[in-house]
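Here's the structure we're looking at; comments come further down.
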Amino acid sequence: MLTKKNILNPKNWISSHADYLYNYTITRVNNHDLAKDLVQETFLAGLKAMENFQGKSSERTWLISILKRKIIDYYRKINSAKGKAEVRMNFYTDGENEGDWIEERAPSDWSSEIDKSIENDELSIVLDKCIDHLPEKYAMVFRMKTIQQFETEDICKELEITSSNLWVIIHRARTQLRKCMEENWFKK
Amino acid sequence: MKLTCDEATTICDKSQYNEASFLEKIKLQLHILLCKKCGNYSKQNGIMSKCYEKKRAYDSDKKKCLCKEDKKAMENNLKENYNTTK
């Protein structure tokens, strides 16, 4: 059987694939410099691994598979990074009140002019700030699920997490964002 | 059968993506009947989803790409490394 063997041509990598890889990355990490670095690292890793390329997949598919590893490595790194932006607890985690709302984190009533305030363009800016206050891994998973609307299954596969793990993250992100928007936007 | 507020709001979050099961939704409704805080959360969660939807529309208008300088720098870096690996 005759099959066309794909070849690698690093001289054209930037012009052919840089934008594609960058877009792939920015939808996941949402930070220009970081995305740029990950793409750069992918190209360099590609150069080093050129002899492993068997020509079965296209050049782009092969580069994406390297990039995916880079993104998982990054996710693992932020996942294990301790301290700094700790997620705020919204519920008691032990004792007889376990699972109940912590009083000052519980939802309070919002202004009645909600619809008008949602139409305001500034909302996106405030929301962005709230998302940036989340621990990085929460922000990443939340963005992928809610803003990029990736399928749960795809996110789990990509970041090598379980779906219950994903829902815990989404839940914590959303309860935290609700609180942040309550304080900065919907306050009565 | 009885849910904690933490569990109830997790289901509520799931349902914002249409990924809560039928049974979960029933349990959530029962919980909300008895818990005003979670009732509030549930109502506000719908509003939050609308906000996220707005933001999504707002974000997708912005096109993100690498500028010429970024690409040039990458190109140079790649060339340097290409020559040393050869």
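Below, chain A is the first sequence line, B the second, and so on; all start at residue 1.
- Among the candidates A/M181, A/Q149, A/R172, the residue making the largest number of heavy-atom pairs closer than 4.5 Å to chain B is A/Q149.
- At a heavy-atom separation below 4.5 angstrom, chain B is approached by A/W167 within residues 158-169 of chain A.
- Across A/K36, A/H32, A/H17, A/Q40, a single residue satisfies side-chain hydrogen bond (donor to acceptor under 3.5 Å, both in side chains) together with A/Y22, and that is A/H32.
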Worksheet item: Please walk me through it: do B/Y52 and A/K145 pass side-chain contact (heavy atoms from CB on, under 4.5 Å)?
Response: CA-CA 11 Å; B/Y52 302 141; A/K145 181 70 190 147; over 6 Å; no
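- Chain B forms the most heavy-atom pairs under 4.5 Å with one residue out of A/F142, A/W185, A/Y92, and that residue is A/F142.
- Comment: B/E53 does not engage B/K50 in a salt bridge, judged by the lack of any side-chain N to carboxylate O separation of less than 4.0 angstrom.
- Interface residues of residues 55-72 of chain A toward chain B, defined by a heavy-atom distance below 4.5 Å: none.
- B/K36 touches chain A through its side chain: at least one heavy atom from C-beta onward sits under 4.5 Å away, while N, CA, C and O do not.
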Item to complete: Dump the intermediate steps for disulfide (SG to SG under 2.5 Å) on A/C180 and A/C130, then the final yes or no.
Response: CA-CA 6 Å; A/C180 181; A/C130 286; 2.1 Å; yes
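- Contacts of B/C12 with chain A are absent, with no heavy-atom separation under 4.5 Å from either backbone or side chain.
- The contact between A/I114 and chain B is made entirely by side chain atoms (from C-beta outward), counting heavy-atom distances below 4.5 Å.
- Ion pairing of A/K179 with A/E183 is present here, as a side-chain N (NZ or NE/NH1/NH2) and a carboxylate O approach within less than 4.0 Å.
- Both the backbone and the side chain of B/Q44 come within less than 4.5 Å of a heavy atom in chain A.
- Between A/F91 and B/T9, the closest side-chain pair of non-hydrogen atoms falls below 4.5 Å.
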